[in-house]
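See below for the structure under consideration.
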Amino acid sequence: MTAPSSPIARPRTAIVVVAAGSGTRLGADAPKAFVGIDAHTVLRHALHGVFAAPAAQVVLVVPGDRRGDALTEVVESAGERRDLVTVVSGGATRQQSVAAGLAAVWPDVEYILVHDAARALTPPAVFERVIAALEEGREAVLPVLPVVDTVKRVDGEAVVVAVDRSVLAAAQTPQGFRRDVLLAALAEADQEHTDDAALVQAAGHAVTTVPGDERAFKITTAADLERARAAVAPIAPSTASLAPRPALPRVGIGTDVHAFGGGGSLWLAGLEWPGETALHGHSDGDAVAHAIVDALLAAAGLGDIGLHFGTDHPEYAGAHAAAFLTRTRAILAEAGFAIGNVSVQVQARRPRFAARRLEAERVLSDALGAPVSVSATTTDGLGFTGTGEGVAAFAVALVVAV
Ligand code: CTP
Ligand code: MG
């Protein structure tokens, strides 16, 4: 591996970005780093933070069969730093992927940061803090957040004891190390560690903390992905303007039908319904959310759900209502529309909506940033909703050009 020769291209620091995991807990169709947050993947967002941090060699560790895709992402996001990037294949465990990345670090690099691509929205300031602590002479630096939840030690279902959270911290990445410290720790490791600070600490080195950042949360589950999607969604334009609005409001209608019999739990109207049979569908089969999306797109004259979220958008496989509604809100905002309100009716024998109707309204309204009314009805045993084969939803939306 040859390092470029110009001074700016011979950085003292390398950032190893591990992105070779499969994302089992996320359960998407693609490896986690290649799942979309918005129009861009988890990896692309992670690279955005990495390239906004101080210039460093960047070693990107990805699944072997994804190196081409990763290079495309690099070419599109590295700009002038393209020559500082190397893409390598990862291993079966995170630690093996880190080792594969370290093997590609240039010989004259002094500090190595290891970063999870899954912490896709990590701001550049966290990289800066870690690098600054290393330059002040720390051997190993860990960004942390205070623990806000009350924490218990448990044994199965039983609570054993409350743990004092003031002595706890949640570890994030990028974690930074003096090169020799990290390489020696990895060489003598006799077990797998979930992060690199644990590896270095096991080898007897002091690890120092610096403040992490809420936005550096790790995308592990579908709920985390929805959190990331909400965090990157553009804010809808304010409707508080006093300017006259000559455009008349526009209405749209949307319907959707899904059959029972999918895997996992039932998701309907943005809620999980434990114990109820799941619905089939490319995503979670949430007919209520899909009818709302169609009604909104129709009201704005922006096509339909298949156009924006169809099977050629694999990142929406398994996605829940909030992801669809937040994205739809952004699509409308980009086209200059504010949402007035949405009314949706679900026809279903099960689940029984009465006890959770208000909860559904709150979840859907929060995701959309506009009031959503939910009503539910059975059909007197008639038709496929009456026999319990599936559910149908009908939505009407009102939007206005702003
Ligand atoms: N990672 C890696 N190589 C592996 C396993 C994990 O490079 N063999 C990376 C992931 O891509 C991720 C980071 O390590 O950026 C943190 O791992 P985790 O969040 O556990 O991701 P996955 O292993 O992909 O997810 P899961 O454990 O749910 O399968
Ligand atoms: Mg993992």
Side-chain angles (χ1 to χ4, degrees), residues 14-37 40-51 53 58-71 73-74 77 85-105 112-123 126-127 130 142-145 170-177 182 186 189 191-200 212-229 231 264 314-315 317-319:
I15 305 175
V16 174
V17 181
V18 283
S22 55
T24 322
R25 286 167 289 178
L26 185 59
D29 289 348
K32 184 158 70 182
F34 296 88
V35 171
I37 295 182
H40 297 303
T41 60
V42 167
L43 177 60
R44 181 68 178 274
H45 280 277
L47 289 175
H48 183 75
V50 167
F51 290 125
V58 174
V59 181
L60 184 53
V61 189
V62 297
D65 59 354
R66 290 288 183 153
R67 275 177 302 176
D69 296 329
L71 264 179
E73 302 266 26
V74 165
S77 58
V85 185
T86 312
V87 177
V88 302
S89 301
T93 64
R94 185 183 178 284
Q95 199 161 304
Q96 286 170 18
S97 293
V98 172
L102 293 181
V105 170
I112 299 178
L113 273 55
V114 183
H115 183 48
D116 289 342
R119 298 184 185 274
L121 305 184
T122 305
V126 183
F127 292 85
V130 172
L142 174 69
V144 294
L145 278 187
Q172 298 188 320
T173 73
Q175 300 180 1
F177 307 92
L182 180 58
L186 197 67
Q191 65 177 92
E192 286 287 327
H193 296 274
T194 54
D195 72 359
D196 315 290
L199 174 90
V200 162
D213 192 292
E214 293 281 354
R215 288 164 290 180
F217 70 91
K218 184 155 74 75
I219 299 173
T220 304
T221 63
D224 299 325
L225 184 61
E226 286 180 20
R227 179 177 169 194
R229 284 180 171 153
E315 67 272 23

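All residue numbers in this chain count up from 1 along the given sequence. Order of appearance sets the numbers: ligands from 1, and atoms from 1 within every ligand. Reckoned from all heavy atoms, side chains included, excluding hydrogens, waters and symmetry mates.
Rounding to the nearest 0.5 angstrom, the gap separating the CG atom in L60 from the CZ atom in R66 is 13.0 Å. Considering CG of L186 and CZ of F177, their distance stands at 10.5 Å, rounded to 0.5 Å.
Applying the 4.0 Å criterion to heavy atoms of A92 picks out, from ligand 1, the atoms 8 (N). For ligand 1, the atoms lying closer than 4.0 Å to a non-hydrogen atom of K32 are 18 (P), 19 (O), 21 (O), 22 (P), 24 (O), 25 (O). In the vicinity of S97, heavy-atom distances shorter than 4.0 Å reach the ligand 1 atoms 2 (C), 3 (N), 4 (C), 7 (O), 8 (N). Per-residue contacts place T93 under 4.0 angstrom from the following atoms of ligand 1 (heavy atoms of the residue considered): 3 (N), 4 (C), 8 (N). Proximity to S22 (heavy-atom distance under 4.0 Å) selects the following atoms of ligand 1: 24 (O), 29 (O). Close contacts between ligand 1 and A19 involve ligand atoms 7 (O), 11 (O) [criterion: under 4.0 Å to a heavy atom]. Near D116, meaning under 4.0 Å from any of its heavy atoms, are these atoms of ligand 1: 13 (C), 14 (O), 15 (O), 16 (C).
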Would you be so kind as to tabulate the donor-acceptor pairs closer than 3.5 Å made by side chains of residues 90-97, with sequence neighbours excluded?
{"residue": "T93", "atom": "OG1", "partner": "Q96", "partner atom": "N", "Å": "3.1"}
{"residue": "T93", "atom": "OG1", "partner": "E192", "partner atom": "OE1", "Å": "3.2"}
{"residue": "T93", "atom": "OG1", "partner": "E192", "partner atom": "OE2", "Å": "3.2"}
{"residue": "R94", "atom": "NE", "partner": "D116", "partner atom": "OD1", "Å": "2.9"}
{"residue": "R94", "atom": "NH1", "partner": "D196", "partner atom": "OD1", "Å": "3.2"}
{"residue": "R94", "atom": "NH1", "partner": "D196", "partner atom": "OD2", "Å": "3.2"}
{"residue": "R94", "atom": "NH2", "partner": "D116", "partner atom": "OD1", "Å": "2.9"}
{"residue": "R94", "atom": "NH2", "partner": "D196", "partner atom": "OD2", "Å": "3.1"}
{"residue": "Q95", "atom": "OE1", "partner": "H193", "partner atom": "N", "Å": "2.6"}
{"residue": "Q95", "atom": "NE2", "partner": "Q191", "partner atom": "O", "Å": "3.2"}
{"residue": "Q96", "atom": "OE1", "partner": "A92", "partner atom": "N", "Å": "3.0"}
{"residue": "S97", "atom": "OG", "partner": "G91", "partner atom": "N", "Å": "3.0"}
{"residue": "S97", "atom": "OG", "partner": "T93", "partner atom": "O", "Å": "3.3"}

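A donor-acceptor pair under 3.5 Å is formed between the side chain of R119 and the backbone N or O of A216. Side chain of Q172 to backbone of D213: a donor-acceptor contact under 3.5 angstrom is found.
Counting heavy atoms only, G91 comes closest to atom 8 (N) of ligand 1 of the residues G21, G91, A20.
If you check which protein heavy atom lies closest to atom 15 (O) of ligand 1, you get V18 O, 2.8 Å. Scanning the protein for heavy atoms near atom 20 (O) of ligand 1, the closest one is R25 NH2, 2.9 Å. Protein heavy atom in closest approach to atom 26 (P) of ligand 1: T24 N, 3.5 Å.
Checked by distance only, ligand 1 and L26 stay at 3.5 Å or farther apart across all their nitrogen or oxygen atoms. Inclusion of K218 in the set of residues having an N or O under 3.5 Å from an N or O of ligand 1 is warranted. The N/O atoms of G23, backbone and side chain alike, include one that comes under 3.5 Å of an N/O atom in ligand 1.
Each of V17, T122, V85 was evaluated against V50; a single residue qualifies, V17, per the side chain to side chain contact (heavy atoms under 4.5 Å, CB included) test.
Contact record, P143 with T173: CG-C, 3.9 Å, taken as the closest heavy-atom pair. Shortest non-hydrogen contact noted between I219 and A120 is CD1-CB, 4.2 Å. The shortest non-hydrogen separation linking K32 to A118 is CE-CB, 3.6 Å.
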